[in-house]
Amino acid sequence: MTVEELRKLVIKWDFEMTGDPTAKSEYGFILDQLDYHAKKEWRVYLPAEHPDFNPSYIERLAAWIGNVTIEDDQKLLLRYAARISFFSHDDFAALYRTAMDREISRWVASQIAARLEPHGGQSFHDLIEMEIHQHTWFCPITDSMDINEFYKVNHLKGVGHRPGFATLEMFATKAGNPNLQLAENVRHYMANASVNQPVPLKRIVLLEDIVGSGSQCLDAVRWAVANLGKPVLFVPLILCPNGVQALRGEEASSGGLLTVRPVIELRRSDLLGPERQGELGWPITVEMEDLATRYGGRTSVNMETFGYRSTGCSLTTFSNTPDNTLPIVHHKPANGAWEPLFPRISRD
Amino acid sequence: MNITINPFQQLYLSDDTPTENSFVQLFSSEVLQTAIHPVFQGNNVVLSGPQGCGKTMILNLLRPEMRVAYWDSGKDFPVPKELRAFISAGINLTRSGITDLVQVTLDKGDDGDARELPLYFADFFNYLVVEDIIQSVETIGNRPEVFDSIVNLSFATQFAKAVAAEDCWFGALEGVQSMEELKARISERVGFYRRWVNGNLPEREPPEGIRRSKTNIGEPISRTADCLRRSGMIAVEVPVLIRVDQIEEMHRAFTDRQRVLLLSFRKMLNRVFYSRDARVHYRAGTRRYGWDNPEFLGVWGSEARLEIRRNYHPIEMDDELFVRGEKPNTIFEKFAVDAFQKRIAYFFKAESPELRPELAKSVFGKSPTPKERLEQLAENATDAQIDRALGLDVAADTEGWSDEWRELVRKLYRTGHAGMLDAALAAAWGRQTGSANSKQQHRESPPPKDAPWKERPWWRKERMDIAVLQLMTRNQQRFIWWGYKDVCSLSGGNITVFLHICHRIWDGFLKNESSLPAEKRTDLLKGSAIDRDIQAAGILFASNEWFKKLPEEPGGNARQSFVEKLGMRLNADMMKDLPMSYPGGNGISVQLAQFKSEDDEVPLLRNFIQEAIGYGALFASEHSSKSKQGGRRMKFYLNPILCPRFQLPEAKTKEPYYWSMDELFALVKKAQVTLARAQRSRPKQPEQHPLLPGFADSKP
């Protein structure tokens with residue numbers, strides 16, 4: 001479907017008399033809202049910059065809605081499009097700052113039992129800042145988390161190496177024979193991290209952009225807690241409900257070494273599919289679940305209808321769409337039977 | 001044609017005109033009808049009208065900077081030559097910050113603030129206006145070629161000394177010997193007030209020098225005008241006109257304290273109108289609700305009230321210029337066409353220096369006839385579909401139709417879109433009895449050989465809109481609008497609504513164009529029209545936006561709720577009116593005497609309705625009852641721009657529904673509107689001071 005066809009269709013829908021005697025221009029308002037975002041925050045979606053895809057959100061929207069021919073399904077997809085949460089580059093910068101100002105600062109303060117009264121002549125704020133900048137190591141779980149940007153936005157400096165802990169864990173435990181030396185090397189680095197000043201890293205903050213079920217990050221977190229002997233704060237910037245339980249369990253069994261503090265925690269009512277666990281969702285939740293089920297086979301027979309581990313997210317970021325999000329949003333099958341709205345580039 | 005520019009993106013030019021030059025390019029002089037001329041002459045004038053009708057743009061013509069801009073751009077100043085010799089100054093109550101005085105306190109309790117803050121308001125007002133008079137006079141004096149030398153700046157020093165010597169300042173200007181010193185002293189006082197309202201003073205109360213030299217509202221302004229004449233700076237006959245814009249802002253209060261204080265400020269301001277001082281004349285720009293209410297017309301320091309025509313000359317722009325009624329409004333149409341043309345010229349002058357005349361008419365094209373409105377409907381319909389379209393399947397109605405009648409109307413329906421109208425009107429006629437005394441419906445007899453529903457032109461014409469509405473709705477389609485006349489009609493005589501509709505239609509047009517290859521695009525500048533579906537969608541969108549805007553104003557949530565209930569009720573009633581007995585059922589009417597009654601809660605209801613009118617949600621006018629005994633009535637309609645959302649024809653063809661006050665109360669209750677006196681209550685009045693003691697009477 002072309003954009004011109006989509007606009008004509010929207011006009012036609014708004015001219016139809018539904019059960020409501022009031023003509024509310026419902027679809028016109030939705031398209032107007034999407035038009036607005038398409039020109040602003042949603043203008044940059046990295047995977048769509050590739051020649052295989054269309055960088056124009058509106059054109060992708062038209063093609064996506066054109067995947068289905070039943071008008072009620074087309075209307076539903078348009079309404080669903082307005083429900084998909086898009087986290088832009090600026091949103092992530094805000095998440096980095098919030099994580100630092102809120103989750104991380106409070107944890108560091110609690111770690112050092114900082115108090116508001118002056119401590120050895122230093123103010124409370126200066127003490128926290130010193131601990132953050134000189135004694136805390138910020139690393140990602142995977143390369144989805146742009147750790148370099150996190151450092152820049154928060155003006156962090158001093159620690160030149162910020163390895164992905166999922167990679168470290170993989171090399172330590174899954175690449176051939178178990179490698180205990182790797183953990184020893186990391187502990188040594190932490191004790192002598194800085195070139196300029198021989199101050200040790202006393203604690204670790206692990207960050208990840210989006211955590212679904214937690215299965216991808218738990219191994220890395222466990223490895224860090226078990227092998228480095230330092231307190232660990234794990235900060236998922238966005239955490240899905242099905243990961244909450246797993247992470248809370250890990251936290252509880254860590255003997256106080258692990259703390260988990262998400263910045264944004266999604267609600268079950270925002271999910272589609274089994275992970276919603278019957279919570280009252282949006283007005284279109286049940287219809288969308290039905291649509292996803294009916295068209296799931298078109299996207300790929302090998303994928304779960306509601307995304308990885310049936311998480312059922314409806315979110316995307318400027319850099320990629322997580323596999324926890326419904327495949328009808330992001331997946332383009334090899335046979336071209338489905339045009340995605342936010343095409344995803346898989347890691348593997 | 002450039003498809004990135006929407007020339008209607010900015011609706012309120014007067015509030016946010018970056019330069020006077022834009023004003024010169026965009027202002028339409030069509031609005032300067034004779035009815036507006038008093039604005040440029042003597043006497044106090046109150047210019048009222050709903051949001052966006054053009055009040056501020058007219059008052060802006062009083063500013064000398066505007067006249068200079070016209071001169072410098074080579075365009076003729078639109079005010080008639082014989083009315084151009086005046087000096088003008090003024091303030092905008094919002095932008096000047098004067099109403100921010102409600103934020104300060106003298107730390108003497110609410111009574112103390114209520115007693116004294118209005119006096120500081122008066123003083124602040126005087127200094128602001130005098131500051132602007134001086135600035136205006138200098139602007140005019142420095143450009144003698146523009147203003148026909150009506151100001152002689154060589155007398156500036158005499159003027160300054162004369163002003164400073166006046167006792168109305170209580171010594172605040174003592175020692176001033178030059179214009180520069182006068183300006184500095186005035187500016188210093190204004191600066192003090194600005195710092196005070198921004199909380200930048202260490203002390204709560206002003207310093208003693210200011211406390212002891214508060215001026216009486218209006219008197220320093222009049223004396224300044226007097227000094228202009230006595231010193232020779234201006235001729236004796238040159239009027240001095242003082243603009244006070246956005247008076248309705250004095251009634252936007254969020255707390256009781258603010259309400260009390262703002263009402264006091266308003267009453268203080270009313271004194272300048274009440275005084276009928278021949279030395280200066282005041283112009284107020286206000287939305288109607290900001291002036292009309294009797295409780296706002298009190299005068300500080302007395303029991304007097306402003307009297308229309310005695311203390312001020314009212315110009316209600318709706319009534320004087322943009323009358324909404326059964327007849328086309330030619331002044332507004334000319335205004336709209338001109339405003340449209342000027343916007344296009346301004347934004348597209350580079351690519352099209354010579355524009356086609358009356359572009360609005362070609363861009364929007366012709367509005368549809370009733371038959372043309374039905375063209376979306378499929379012509380091949382089954383018997384069941386036809387019965388549904390004509391309401392023959394309605395349970396309470398279906399038994400009354402003979403086979404002959406059904407055959408007749410179905411046959412008519414199938415002859416095409418014109419036939420659909422005939423069928424609907426035939427069915428309506430069939431359900432009618434022909435007179436109030438008869439109980440036998442026409443359909444109880446065999447169908448007539450002639451076609452009364454075609455042969456009575458007025459009967460037919462009055463019912464066209466309701467017929468289209470019923471046909472479209474029963475065919476699961478919306479009543480839609482497009483074309484130049486529809487756009488004007490839905491604008492309800494308000495230029496901002498007109499421009500809003502234009503904005504939305506143009507926006508839809510641009511979005512559609514951007515998805516087309518260049519060779520398929522439409523060049524509106526060359527006479528092409530915007531696709532009718534795009535127009536219709538834009539109009540519907542604008543209607544819904546206007547509805548969503550209602551809560552923006554104070555009390556707007558209640559008004560929106562009421563409008564929603566009224567709109568839905570009127571639509572339901574029109575749909576149920578199968579005999580089409582009330583083709584004018586897009587409005588309601590109540591007895592005037594009952595509406596104006598002081599019994600029980602009627603005053604509260606009346607206030608609520610009048611506020612709805614003042615804020616532009618409803619339109620109202622008096623009319624005579626259709627029966628001789630009925631007396632005078634008051635009829636109410638939704639603002640036409642709201643009609644698309646509620647699927648109501650906006651034209652007023654016949655009598656509206658006659659309601660009792662009980663029905664109106666019931667609707668208000670259904671809308672969950674709390675009728676309260678809060679906005680209107682007479683506040684607890686502190687002891688008011690009479691004229692400041694020791695103040696000399698005005699000198700001739």
Side-chain angles (χ1 to χ4, degrees), chain A residues 1-43 48 53-66 70-72 74-75 78-79 81-82 283 339 341, chain B residues 4 373 376-377 469-482 504 507-517 520-521 531-548 563-565 567-576 642-648:
Chain A
M1 184 188 293
T2 64
V3 176
E4 187 193 0
E5 288 166 344
L6 176 62
R7 293 197 192 281
K8 283 197 165 96
L9 209 53
V10 165
I11 290 175
K12 172 177 171 288
W13 292 340
D14 280 335
F15 287 174
E16 283 169 354
M17 171 66 184
T18 58
D20 189 345
T22 308
K24 289 180 180 155
S25 255
E26 181 193 355
Y27 297 102
F29 271 100
I30 292 174
L31 188 57
D32 187 66
Q33 184 187 32
L34 296 175
D35 263 324
Y36 174 82
H37 289 303
K39 291 188 186 105
K40 306 255 182 205
E41 298 284 297
W42 301 357
R43 209 166 34 82
F53 297 107
N54 193 327
S56 161
Y57 169 83
I58 282 293
E59 290 180 27
R60 294 199 310 271
L61 177 71
W64 184 63
I65 291 176
I70 300 172
E71 272 202 13
D72 281 349
Q74 292 175 332
K75 290 178 184 173
L78 182 64
R79 292 165 78 191
E339 289 296 328
L341 179 58
Chain B
T4 61
R373 282 195 208 274
Q376 294 173 76
L377 301 183
L469 175 68
Q470 290 183 0
L471 281 167
M472 294 297 285
T473 304
R474 292 212 172 83
N475 273 288
Q476 309 296 307
Q477 294 293 315
R478 301 285 186 196
F479 189 116
I480 57 175
W481 287 254
W482 73 88
R504 271 297 160 204
D507 186 59
F509 167 72
L510 291 181
K511 281 175 179 157
N512 190 65
E513 290 292 288
S514 65
S515 60
L516 298 175
K520 282 193 174 178
R521 290 184 187 153
D531 175 82
R532 72 174 207 192
D533 281 350
I534 293 177
Q535 290 188 48
I539 287 170
L540 191 56
F541 199 99
S543 178
N544 278 284
E545 280 188 314
W546 210 259
F547 174 74
K548 290 181 184 189
V563 158
E564 175 135 56
K565 289 289 179 278
M568 291 175 70
R569 167 75 182 267
L570 290 173
N571 173 268
D573 285 351
M574 285 196 100
M575 286 305 299
K576 279 188 292 195
L642 296 170
C643 288
R645 176 187 162 92
F646 293 106
Q647 293 288 281
L648 294 168

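In the text below, chain A, chain B and the rest are named by the order of the sequence lines, each starting its count at 1.
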Separation of Glu4(A) CD from Leu516(B) CG (nearest 0.5 Å) = 4.5 Å
remark   = When the 4.5 angstrom heavy-atom criterion is applied to Gln376(B) and chain A, the contacting part is side chain
query = Got Glu16(A) and Arg478(B) here, is their nearest side-chain heavy-atom distance under 4.5 Å?
reply = no
ask   = In terms of heavy-atom proximity below 4.5 Å to chain A, should Ile480(B) be classed as side chain, backbone, both, or neither?
value = side chain
remark   = Scored by heavy-atom pairs under 4.5 Å with chain A, the best of Met568(B), Met575(B), Lys511(B) is Lys511(B)
query = Where do Phe15(A) and Ala536(B) come nearest, in terms of heavy atoms and distance?
reply = CZ-CB, 3.3 Å
message = Within the supplied structure, the quantity of interest is the number of heavy atoms (other residues, nucleotides, ligands) at a distance under 6.0 Å from Arg521(B) CZ; does it exceed 12?
response = yes
query = Which region of Lys548(B), side chain (C-beta onward) or backbone (N, CA, C, O), has a non-hydrogen atom less than 4.5 Å from a non-hydrogen atom of chain A, or is it both or neither?
reply = side chain
Side chain, backbone, both or neither of Asn475(B) within contact of chain A (heavy atoms, under 4.5 Å) = neither
task = Please round to the nearest 0.5 Å and tell me the distance separating atom NZ of Lys24(A) and atom CZ of Phe541(B).
result = 15.0 Å
query = Using 4.0 Å as the upper bound for N to carboxylate O, is an ion pair formed by Asp32(A) and Arg504(B)?
reply = yes
remark   = Ala23(A) and Asn544(B) have their tightest heavy-atom pair at O-ND2, 2.9 Å
Approximate separation, where rounding is to 0.5 Å, of Asp35(A) CG and Ser514(B) OG = 8.0 Å
task = Please flag which part of Asn571(B) lies under 4.5 Å from any non-hydrogen atom of chain A: side chain, backbone, both or neither.
result = side chain
Which atom of Gln647(B) lies closest to which atom of Pro21(A), heavy atoms considered = CG-O, 3.6 Å
ask   = Going from NZ on Lys8(A) to CG on Asp531(B), what distance comes out if it is rounded to the nearest 0.5 angstrom?
value = 7.0 Å
ask   = Which answer fits Thr2(A), side chain, backbone, both or neither, if we ask what part of it has an atom under 4.5 Å from a heavy atom of chain B?
value = neither
inquiry  = side-chain contact (heavy atoms from CB on, under 4.5 Å), that's the test. Do Met17(A) and Gln477(B) meet it? Break it down for me.
reply    = CA-CA 5 Å; Met17(A) 171 66 184; Gln477(B) 294 293 315; 5.5 Å; no
